[in-house]
Asks: 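Pasting a structure here, questions to come.
Just so it is clear: chains get the letters A, B, ... in the order the sequence lines come, proteins before strands, and each one is counted from 1.
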Amino acid sequence: MSADRPRTRFAPSPTGFLHLGNVRTALFNFLAARHMGGEFVLRSEDTDAERSREEYLVAMLADLEWLGLTWSAGPDCDDGSGPYRQSLRAEAYARYFDKLEASAHTYPCFCSQAELAMARKAQLAAGKPPRYPGTCRDLGTAERAERAASGRPATQRFRVGDEDQVRFQDLVRGAQRFAVAEIGDFIIRRADGTPSFFFSNAVDDALMGITHVLRGEDHLSNTPRQILLLSALELPVPRYGHISLVVAGDGAPLSKRHGSTGLRELRSLGYLPLAICNHLARLGHAYDNPQFMSMDELVEGFSLEKLGRSPARHDMTQLRHWQKEALHQSDAEAFNDWLLGEASPVREELAAAVPAADAKAFAQLVRDNVEVAGDALHWATQLCATPMPVTSAAAEVLKNCDAALIDAAIKLVAAHPQDFKALAGAVREHTNLAGKSLFMPLRAALTGDTHGPEMVRVYAFLGAQRSRERLEQARQIAGSKK
RNA sequence: GCUCCCUUCGUCUAGCGGUCCAGGACAUUGCCCUCUCAAGGCAGGAACACGGGUUCGAGUCCCGUAGGGAGCGCCA
């Protein structure tokens with residue numbers, strides 16, 4: 001880790017699965033690092049033992065890897081600046097707690113949570129900001145010793161100095177100024193000895209050589225605390241950039257929603273990593289290029305200057321567009337793997353519905369009619385099931401058509417087993433029907449549906465045997481309306 | 001309550017005082033292509049939250065108002 005090498009990080013708490021908001025933060029940090037030729041690292045902020053779970057960490061790593069956001073160091077790979085999980089960093093924190101203590105930047109606070117809650121309530125009621133009243137701030141050494149001896153649990157608070165204000169240049173919001181008087185002394189170490197977010201987060205960024213911190217806007221007004229802390233510690237302050245939050249389609253905060261805003265859910269629906277990245281990279285960031293981009297192109301076009309300030313809405317219709325593009329871009333092999341491979345969410349169902357020998361041909365046949373993996377199920381039953389399912393629209397078409405058309409087709413299948421154009425041409429000669437009134441009944445008879453892939457390809461896929469069976473099935477209802 | 005942030009078509013956004021009667025993408029509408037769907041091509045509708053300033057000139061700067069969001073936690 002060289003001194004000036006740009007380094008960004010994504011530092012989630014393993015208390016749940018990733019949602020699109022988290023993922024976008026990770027993506028931006030990844031893109032920023034790669035664009036600057038630097039490194040992107042992962043850090044697990046698992047100081048809250050109650051809520052942190054190993055399985056969530058494992059899931060996050062797996063999901064980020066799946067997305068293609070590779071990291072050069074993280075909980076699973078230390079590069080010497082770790083460990084990259086906070087639950088393993090007590091020693092480092094102790095060192096810096098001591099340093100703060102030595103410089104009188106911190107003091108023990110014996111207030112109980114009930115007392116604090118009451119004080120907060122009173123301040124709020126009086127129309128004042130709910131800040132720590134400073135009860136334990138100026139306790140004498142004797143009093144401290146006495147209380148400590150009585151076994152009262154103590155937290156450590158950071159003594160906010162008498163500076164006038166804290167200024168910093170936000171990477172996305174420009175010059176920021178906060179009055180120090182607005183900031184109350186805050187807890188940096190809990191009674192159980194674990195560090196609080198403000199402390200561990202800031203200290204770790206400094207110790208891990210993080211140069212740029214892209215994080216949610218919700219951290220903006222807390223940033224002065226961390227700057228104060230790092231200054232007191234004489235540690236380097238990273239450059240902060242506060243990105244706008246992502247909200248759900250209905251405007252609700254993402255974190256409170258589930259379903260289509262969870263990465264896991266999208267993944268299990270069959271959305272592709274690059275579709276998600278293309279979508280997210282444009283939420284709160286503007287690209288010159290309106291087209292679908294590869295990860296390298298996303299990296300190349302990324303710029304801190306192009307980060308937006310206003311909240312962005314996650315809209316599924318936009319994601320769907322990128323999904324179509326992603327599917328369109330993938331070659332036959334990649335598509336087959338996506339639909340039929342190990343990772344496919346509908347692998348089992350498709351294997352049950354489509355004969356193994358036909359699987360690849362099937363995948364290629366329906367690729368333009370599939371947006372998420374589940375869509376293939378409809379075509380699987382429609383094209384492979386026996387008897388053929390007939391949609392009501394298709395039944396309608398068949399009832400209204402001339403039964404002679406189907407009869408002709410049945411007779412002619414054997415003569416034109418693979419060539420739909422030839423078959424259709426022959427049927428036309430026998431029936432004098434053409435255009436839609438020729439093709440639509442054939443489509444309905446062969447696929448049981450009124451829309452779908454090109455008939456030339458459908459027919460080749462079905463083969464003469466299946467085609468004949470299906471035509472005979474269709475013959476039962478053909479012309480019944482006359 | 002206090003502090004801070006945000007506000008351009010339905011959605012994502014471009015716009016860094018004149019070249020903007022506001023551009024692009026998605027979505028939408030119509031047409032073309034076509035055996036259907038999709039894709040593709042063409043055309044259309046659709047926005048500067050509001051009110052004051054500053055300026056010869058404001059989407060762009062300033063101040064208010066309204067609306068939305070965040071923070072003020074022994075949560076991160």
Asks: When we call it a touch if two heavy atoms are under 4.0 Å apart, what does R320(A) touch: a base, just sugar-phosphate, or nothing?
Replies: nothing
Asks: Using atom C1' of each nucleotide, how far apart are rA70(B) and rC75(B) to the nearest Å?
Replies: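 Result for the C1' pair: 15 Å, nearest Å.
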Asks: Suppose you measure atom P in rA25(B) against the same atom in rG41(B); what distance do you get, rounded to whole Å?
Replies: 10 Å
Asks: Which nucleotide in the set rC6(B), rU11(B), rU36(B) lies at the smallest distance from any side-chain heavy atom of D315(A)?
Replies: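 Nearest listed nucleotide: rU11(B).
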Asks: Within the 4.0 Å heavy-atom criterion, would you say E454(A) contacts the bases, only the backbone, or no part of the nucleic acid?
Replies: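 It contacts base atoms.
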Asks: When the P atoms of rG45(B) and rG24(B) are considered, how many whole Å apart are they?
Replies: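 It comes out at 12 Å once rounded to the nearest Å.
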Asks: Classify the nucleic acid contact of G284(A) as base, sugar-phosphate or nothing, counting any heavy atom under 4.0 Å across all strands shown.
Replies: sugar-phosphate
Asks: Which nucleotide, if any, forms a Watson-Crick or G-U wobble pair with rU34(B), using both distances under 3.5 Å?
Replies: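 Its partner: none found.
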Asks: Are D375(A) and N369(A) side-chain neighbours, meaning at least one heavy-atom pair lies under 4.5 Å?
Replies: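 SC-SC contact between D375(A) and N369(A) ruled out.
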Asks: Could you let me know what rA25(B) is paired to, Watson-Crick or G-U wobble, both distances under 3.5 Å, or none if it's on its own?
Replies: rU11(B)
Asks: Can you measure R51(A) atom CZ to rG73(B) atom P for me and round it to whole angstrom units?
Replies: 17 Å
Asks: Take the protein atom CG of L365(A) and the nucleotide atom C1' of rA38(B), then report the distance between them rounded to whole Å.
Replies: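 The distance from CG of L365(A) to C1' of rA38(B) comes to 13 Å, rounded to the nearest Å.
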Asks: Measure from the side chain of R190(A), starting at C-beta and using heavy atoms only, and say which of rU11(B), rA76(B), rU3(B) lies closest.
Replies: rA76(B)
Asks: Let me know the distance between CZ of R309(A) and P of rU60(B), rounded to the nearest Å.
Replies: 14 Å
Asks: Give me the distance, rounded to whole Å, that separates rG52(B) from rG44(B) when you measure between the C1' atoms they each carry.
Replies: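 The same atom, C1', in both gives a distance of 37 Å.
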Asks: Does any nucleotide pair with rG1(B) by Watson-Crick or G-U wobble geometry, both distances under 3.5 Å, and what is it?
Replies: rC72(B)
Asks: If you check the H328(A) side chain, which of rU11(B), rC5(B), rA39(B) turns out closest?
Replies: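 Among the listed nucleotides, the one closest to the side chain of H328(A) is rA39(B).
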Asks: When the distance from CG of N22(A) to P of rC75(B) is rounded to whole Å, what number comes out?
Replies: 19 Å
Asks: Closest nucleotide of RNA chain B for R443(A) versus for A286(A): which of these residues is on the 5' side?
Replies: A286(A)
Asks: Base, sugar-phosphate alone, or nothing: which one does D48(A) contact when heavy atoms must sit under 4.0 Å apart?
Replies: sugar-phosphate
Asks: More 5' along RNA chain B: F420(A) or K306(A), using each one's nearest nucleotide?
Replies: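 Its nearest nucleotide lies further toward 5', so the answer is K306(A).
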Asks: Counting any heavy atom closer than 4.0 Å, what does P290(A) reach on the DNA or RNA strands: base, sugar-phosphate only, or nothing?
Replies: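 It contacts sugar-phosphate atoms only.
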Asks: Classify A191(A) by what it touches in the nucleic acid, base, sugar-phosphate, or nothing, heavy-atom distance under 4.0 Å.
Replies: base
Asks: Can you tell me how far CG of L31(A) sits from CG of L304(A), rounded to the nearest 0.5 angstrom?
Replies: 10.5 Å
Asks: Once you apply a heavy-atom cut-off of 4.0 Å, does L283(A) come out as touching a base, just sugar-phosphate, or nothing?
Replies: sugar-phosphate
Asks: Just wondering, are more than 12 heavy atoms of other shown residues or ligands nearer than 6.0 Å to CZ in R466(A)?
Replies: yes
Asks: To the nearest Å, give me how far apart CG (L245(A)) and C1' (rA76(B)) are.
Replies: 13 Å
Asks: Tell me whether R173(A) forms a cation-pi arrangement with Y240(A), defined as NZ or CZ under 6.0 Å from the six-membered ring centre and within 45 degrees of its axis.
Replies: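 No - R173(A) does not lie over the ring of Y240(A) by the 6.0 Å and 45° rule.
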Asks: Parallel, tilted or perpendicular for H451(A) and H378(A), by the 30°/60° rule?
Replies: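 Plane angle under 30°, so parallel.
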Asks: Mind checking N369(A) for me? I need base, sugar-phosphate or nothing, with any heavy atom below 4.0 Å counting as a touch.
Replies: base
Asks: Could you please name the option among rA70(B), rC35(B), rA27(B) that lies closest to any side-chain atom of K324(A)?
Replies: rA27(B)
Asks: Under 4.0 Å, heavy atoms only, any strand: does T155(A) hit a base, just the sugar-phosphate, or nothing?
Replies: base
Asks: Does NZ or CZ of R282(A) lie under 6.0 Å from the centre of the six-membered ring of W322(A), at an angle within 45° of the ring axis?
Replies: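 Yes.
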Asks: Would you classify F198(A) as touching base, sugar-phosphate or nothing, given that sugar-phosphate means primed atoms plus P, OP1 and OP2, and contacts are heavy atoms under 4.0 Å?
Replies: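 It contacts base atoms.
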Asks: Got more than 12 heavy atoms from elsewhere within 6.0 Å of CD, E300(A)?
Replies: no
Asks: To the side chain of K436(A), which of rU36(B), rA70(B), rG1(B) is closest?
Replies: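 Nearest listed nucleotide: rU36(B).
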Asks: Let me know the distance between CG of L462(A) and P of rC35(B), rounded to the nearest Å.
Replies: 19 Å
Asks: NA contact type, M455(A), heavy-atom cut-off 4.0 Å: base, sugar-phosphate, or nothing?
Replies: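 The residue M455(A) makes base contact.
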Asks: From C-beta outward on P130(A), which listed nucleotide comes closest to its side chain: rA70(B), rG73(B), rA39(B)?
Replies: rG73(B)
Asks: If we call it a pair only when both distances are under 3.5 Å in a Watson-Crick or G-U wobble match, what pairs with rC61(B)?
Replies: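 Per the H-bond distance test, rG53(B).
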Asks: In whole angstrom, give me the gap between the C1' atoms of rC35(B) and rG30(B).
Replies: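 My reading of the C1' atoms in rC35(B) and rG30(B) gives 22 Å.
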Asks: rA66(B) and rA49(B): how far apart are their C1' atoms, nearest whole angstrom?
Replies: 8 Å
Asks: Does rA46(B) have a Watson-Crick or wobble mate here (both distances under 3.5 Å), and if so which one?
Replies: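 Looking at the geometry, rA46(B) pairs with no nucleotide.
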Asks: Sort out the partner of rC16(B) for me: Watson-Crick or G-U wobble, both distances under 3.5 Å, none otherwise.
Replies: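 By the stated definition (distances under 3.5 Å), nothing pairs with rC16(B).
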Asks: What integer distance in Å separates F168(A):CZ from rC4(B):P?
Replies: 12 Å
Asks: Which nucleotide in the list rA76(B), rU36(B), rC12(B) gets nearest to the side chain of F197(A)?
Replies: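 Closest nucleotide to the F197(A) side chain: rA76(B).
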Asks: Provide the distance between the two C1' atoms, one in rC20(B) and one in rA47(B), to the nearest whole Å.
Replies: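 Straight-line distance between the two C1' atoms is 13 Å.
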Asks: Which nucleotide wins on minimum distance to the side chain of D218(A), given the candidates rG1(B), rA70(B), rU36(B)?
Replies: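 Of the candidates, rA70(B) comes closest.
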Asks: What nucleotide among rC35(B), rG24(B), rC74(B) has an atom nearest to a side-chain atom of Q113(A)?
Replies: rC74(B)
Asks: Would you mind pulling out the nucleotide paired to rA39(B), Watson-Crick or G-U wobble, both distances under 3.5 Å?
Replies: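 Partner of rA39(B): none found under 3.5 Å.
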Asks: Determine whether the aromatic ring centres of H19(A) and F17(A) lie less than 6.0 Å apart.
Replies: no
Asks: With both distances under 3.5 angstrom, what nucleotide forms a Watson-Crick or G-U wobble pair with rG67(B)?
Replies: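 Base partner found: rC6(B).
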Asks: From the list rC6(B), rA76(B), rC12(B), which nucleotide is the closest neighbour of the side chain of T47(A)?
Replies: rA76(B)
Asks: Report the C-alpha distance between H279(A) and H321(A) in whole Å, list the side-chain angles of each, state the deciding distance to 0.1 Å, and finish with yes or no for ring pair (Phe, Tyr, Trp, His ring centres under 6.0 Å).
Replies: CA-CA 9 Å; H279(A) 174 56; H321(A) 171 251; over 10 Å; no
Asks: Could you state the atom-to-atom distance from CZ of R282(A) to C1' of rC26(B) in whole Å?
Replies: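 From R282(A) CZ to rC26(B) C1': 10 Å.
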Asks: Determine, for F97(A) and R189(A), whether the Lys NZ or Arg CZ falls below 6.0 Å from the six-membered ring centre while staying within 45 degrees of the axis.
Replies: yes
Asks: Using the P atom on both, measure rC6(B) against rG10(B) and round to a whole Å.
Replies: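 So the two P atoms sit 23 Å from each other.
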Asks: Assign E182(A) to base, sugar-phosphate, or nothing according to its heavy-atom contacts below 4.0 angstrom with the strands shown.
Replies: sugar-phosphate
